[in-house]
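Read the structure below first, then the notes.
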2 protein chains.
Amino acid sequence: MALLPMAPQGLIQQKNLVEQVADFLTQGVIEQRFMPGERLSEVQLSKDLGVSRAPVREAARLLESRGLLVSRPRRGFFVKALDAVELQDVFDLRLCLERHAIERLAQRYTPEARLALERQVDVLCEAAASDSGTRRIEEDLQFHRLMLHYAGNERLLRAFEGLAHELRLCITLITRTHEAPETIATSHYQLLEALASQSGPACREAIDYHIGVARDSVVRGINEAGVQEEGGAR
Amino acid sequence: MALLPMAPQGLIQQKNLVEQVADFLTQGVIEQRFMPGERLSEVQLSKDLGVSRAPVREAARLLESRGLLVSRPRRGFFVKALDAVELQDVFDLRLCLERHAIERLAQRYTPEARLALERQVDVLCEAAASDSGTRRIEEDLQFHRLMLHYAGNERLLRAFEGLAHELRLCITLITRTHEAPETIATSHYQLLEALASQSGPACREAIDYHIGVARDSVVRGINEAGVQEEGGAR
DNA sequence: CTCTTTTAAACTGTCGACAGTCGGCAGTCG
DNA sequence: CGACTGCCGACTGTCGACAGTTTAAAAGAG
């Protein structure tokens, strides 16, 4: 069987097999086709995707570096199971990064950055009003990516990217408890206002509130959903 | 009954080939046996190390995720060349992470953490007085690792680890301009004092000063050494 | 029937090999 | 004399295979 939509729309170049497999695995983890704690067999994946083990292996390593998989020596790869504590850690690190980023950005708030962020909020609102889950999350993440980008430190963005996958996982898992889309949009406008004021403390307060809301929403979702702690101990 | 595998931390046992190769490559990059911008051939490395290409490949991917190598599709791996801007970015992100960590740590400063940090400073002083370069840097990094660890967010530590290799590279490249070891030791004592006071602002001030000194030292070193910008454009 | 021992299957880690592609060099044409 | 085209070598991306180890089940003892 064909593994992935063969024709990447219009683009001449085909991505590496590694990246294709990585995308497939990422989707699988996010959509919970691979359950947390589940063991992923290299040979099985190879057969299913119709490729050799080498690309699967590299892709798995990639996912591991992104925190979506964990590898135990001689045991193979397992889907990362996030518990409540780790979830708190994710949001704590996110807060750390975004605080720093927004304060930096406030000091160099160019019209270009402002325009890009405002446009992204518009897109976000549109997505929130019309579409469902996935795209809403994606546009939300994109806004924060832009913020990190215009903060002017590429490494800051890279660190965030490393977290983004776990973050997306957290959020997707409990998308039902997401606040009303309008609330989220409003929250982003507050960020824009704080940035426009170019006041460090105001920005910090805004981002603290913004991320706090998101974190509480996720935590609440976890509690409501009743965590099935199957992955368990080592 | 079957006897369990002896000493788990035995030095005899060989780590994964991948890790061994990764260590070799890391050493090579840090010691500048591989010059910045240089292309690394997989087959050449395989022959030199007497292993297959598979472990070399995985190790290179690992180094890439750590920021020591960059890969261009179909071209192979190249040694990362750090310019002045990126160097600033490294220290900026480091500041971001350590600020957050030390403020967290101040709020949960257990006797255990205090003891561990104090012991590490002692070790650091000893190393500074006796040994040369490499070990001094290693013990310095270890202190900060401990600080991040006791801050209680594993992801914070992981982000720092991702930066540590680049940081080590920065520092090693210009080790000659390192401040007098005693100065560094004193600076660490200031961190301990700030932590003991459990005052957030005091901690922030201390870490800002500490990292600022390191950054200035490195930047000064770069300027003095005269950067050979050979890596250059794409 | 339960617990231990033995055996077999499956998997990962590693290897060597093949095909497609990229960069460079020579030869040719304007 | 300069620019374009076709060929050559080298290298990466990918593949299938083998050995050692871990897991799980089957067989045997109490």
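When the side-chain contact (heavy atoms from CB on, under 4.5 Å) test is applied to A:Glu118, the partners found at least two apart in sequence or on another chain are A:Arg114, A:Leu192. B:Leu124 pairs by the side-chain contact (heavy atoms from CB on, under 4.5 Å) definition with B:Glu139, B:Asp140, B:His188, not counting sequence neighbours.
Residue pairs satisfying the salt bridge (charged side-chain N to carboxylate O under 4.0 Å, His left out) criterion with at least one member in residues 26-37 of chain B, sequence neighbours excluded, are absent. Listed by first and then second residue, the ring pair (Phe, Tyr, Trp, His ring centres under 6.0 Å) pairs involving residues 78-100 of chain B amount to none (not counting sequence neighbours).
For A:Glu161 and A:Arg66, the salt-bridge test fails: no basic side-chain N is under 4.0 Å from an acidic carboxylate O. The residues B:Glu58 and B:Arg61 are annotated as not salt-bridged, no charged nitrogen and carboxylate oxygen being separated by less than 4.0 angstrom.
Between B:His144 and B:His210, the ring planes lie tilted relative to each other; the angle falls in the 30° to 60° range.
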Report, as a single string ordered 5' to 3', how protein heavy atoms within less than 4.0 Å touch nucleotides 9-15 of chain D: B base, S sugar-phosphate only, - not at all.
--SBBBB
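Axis angle between the ends of the helix from C:dC1-D:dG30 to C:dG30-D:dC1, five pairs each and rounded to 10 degrees, works out to 10°.
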